[in-house]
Amino acid sequence: FDYSKQANPNPVAGAGQGGQGDLSYVDNWPALLNTGVAMSFGFLNPCGMNTPHTHNRATELLAIVSGNNVKTSFVQESGLTNPITTTLDLYQGAILPMGSIHFEFNDNCEPAIFVAAFSNEDPGLSRTAQNFFIQDPDIVDADLGWPAFLDGTNIADFEKTIPKAFALGAQECLTRCGITY
């Protein structure tokens, strides 16, 4: 399996202004069947972010293989209100528990690359904001507490502005690195 950006732009892991993910899992690499593992490479552009997401069938072991100052954070479940946050440098790693909402953010002006190993050959990937805003507009409105700027008439328009996956993030980083959104 070739994890290079050019060889395998993966629609499941996603791509965007912030970078690209290349995920091997049982559907695109059948050799993984019954192994209990999968893996991805994440290519983070300067100030790039792998947007908040979950893996509903696997725990993720994340390691930085190029770059530094990559921030990651997760929230495990409702009721646990403090995110577990860390900043990783070259060859450092973190565990992101199965089902936790988490992200990776390159708070640097140079690219970074991470490798993620998963405890299931089909880890699943659910993008948090992207999947939330495709729900019925009345449900979205109610869940957000009926904000004045967002209503059933413009939720679909708002949903179209959300990046599909890897996005540019943190205005302070963009300004520091001279990147315009």
Side-chain angles (χ1 to χ4, degrees), residues 1-45 47-67 70-78 80 83-86 88 93-107 111-136 139-140 143 155-156 158-170:
F1 193 89
D2 188 342
Y3 292 97
S4 66
K5 288 181 3 179
Q6 299 77 15
N8 191 31
N10 188 294
V12 173
Q17 287 184 310
Q20 174 179 320
D22 293 332
L23 171 66
S24 65
Y25 65 113
V26 72
D27 284 357
N28 65 0
W29 196 14
L32 293 175
L33 185 64
N34 295 321
T35 63
V37 297
M39 192 167 87
S40 71
F41 273 61
F43 302 92
L44 294 169
N45 294 338
C47 302
M49 177 178 60
N50 186 9
T51 60
H53 60 280
T54 63
H55 304 287
N56 56 326
R57 291 181 292 277
T59 292
E60 177 177 343
L61 172 60
L62 174 75
I64 306 305
V65 297
S66 175
V70 175
K71 298 182 184 318
T72 187
S73 181
F74 71 85
V75 175
Q76 187 142 1
E77 58 192 55
S78 296
L80 300 175
I84 308 299
T85 302
T86 192
L88 302 172
I95 293 287
L96 304 166
M98 179 176 15
S100 66
I101 299 172
H102 62 276
F103 66 88
E104 296 86 18
F105 167 56
N106 179 17
D107 193 10
I113 300 172
F114 66 81
V115 174
F118 299 97
S119 62
N120 187 311
E121 67 263 22
D122 186 12
L125 177 69
S126 179
R127 298 268 173 205
T128 307
Q130 294 83 344
N131 286 348
F132 176 71
F133 280 95
I134 63 173
Q135 298 296 328
D136 181 287
I139 300 301
V140 172
D143 192 48
I155 286 176
F158 183 76
E159 187 266 330
K160 290 175 192 170
T161 68
I162 298 171
K164 297 294 180 208
F166 286 68
L168 292 176

Item to check | Expected output: side-chain H55 to main-chain G124 donor-acceptor under 3.5 Å | outcome: yes

Item to check | Interatomic spacing from CG in L168 to OG1 in T51 - rounded to 0.5 Å | outcome: 12.0 Å

Checklist entry - Listed by chain and number, what are the side chain to side chain donor-acceptor pair (under 3.5 Å) partners of S73, not counting sequence neighbours? => result T85

Checklist entry - Can you name the nearest heavy-atom pair linking G14 to A165, along with the distance? => result CA-CB, 3.7 Å

Checklist entry - Is D107 reaching over with its side chain to a backbone N or O of K71, donor-acceptor style, under 3.5 angstrom? => result no

Next on the checklist: Testing the basics here: between P123 and L23, what is the closest heavy-atom pair and its distance to 0.1 Å?
Outcome noted: CG-CD1, 4.3 Å

Checklist entry - Counting N and O atoms only, with roles assigned by atom type, does the side chain of S24 sit under 3.5 Å from a partner on the main chain of W29, one being a donor and the other an acceptor? => result no

Checklist entry - So, does N45 use its side chain to make a donor-acceptor pair with the main chain of Q17 at under 3.5 Å? => result yes

Checklist entry - At what distance, to the nearest 0.5 angstrom, does CG of L88 lie from CG of N106? => result 11.5 Å

Next on the checklist: In the structure I gave you, are the side-chain heavy atoms of V37 and M39 within less than 4.5 Å of one another anywhere?
Outcome noted: no

Item to check | Test side-chain contact (heavy atoms from CB on, under 4.5 Å) applied to L96 - qualifying residues, sequence neighbours left out | outcome: E60, L62, T72, F74, S100, H102, E104

Next on the checklist: Using 0.5 Å steps for rounding, measure from the CG atom of L44 to the CD atom of Q20.
Outcome noted: 11.0 Å

Next on the checklist: So, using ring pair (Phe, Tyr, Trp, His ring centres under 6.0 Å) as the criterion, who are the partners of F43 when residues are at least two apart?
Outcome noted: none

Checklist entry - Of the non-hydrogen atoms in F105 and C47, which two are nearest, and what is the gap between them? => result CE1-O, 3.5 Å

Checklist entry - Who passes ring pair (Phe, Tyr, Trp, His ring centres under 6.0 Å) against F41, sequence neighbours left out? => result Y3

Checklist entry - Can you tell me how far the CE atom of M98 sits from the CZ atom of F118, to the nearest 0.5 Å? => result 12.5 Å

Checklist entry - Do F114 and V70 have side-chain heavy atoms sitting under 4.5 Å apart? => result no

Checklist outcome for this item: With sequence neighbours left out, the residues meeting ring pair (Phe, Tyr, Trp, His ring centres under 6.0 Å) with F132 are none

Item to check | Atom pair CG/OG of L125 and S40 - distance to nearest 0.5 Å | outcome: 9.0 Å

Checklist entry - Measuring from L32:CG to Y25:OH, what's the distance to the nearest 0.5 Å? => result 11.0 Å

Checklist entry - Looking only at atom types and distance, does a side-chain atom of D143 sit under 3.5 Å from a main-chain N or O of V140, one as donor and one as acceptor? => result no

Checklist entry - For T54 and N56, does a side-chain donor sit closer than 3.5 Å to a side-chain acceptor? => result no

Checklist entry - Which pairs count as side chain to side chain donor-acceptor pair (under 3.5 Å) when at least one residue sits in residues 113-126, sequence neighbours excluded? => result R57-D122, S126-N131

Checklist entry - T128 versus F103: any side-chain heavy-atom pair under 4.5 Å? => result no

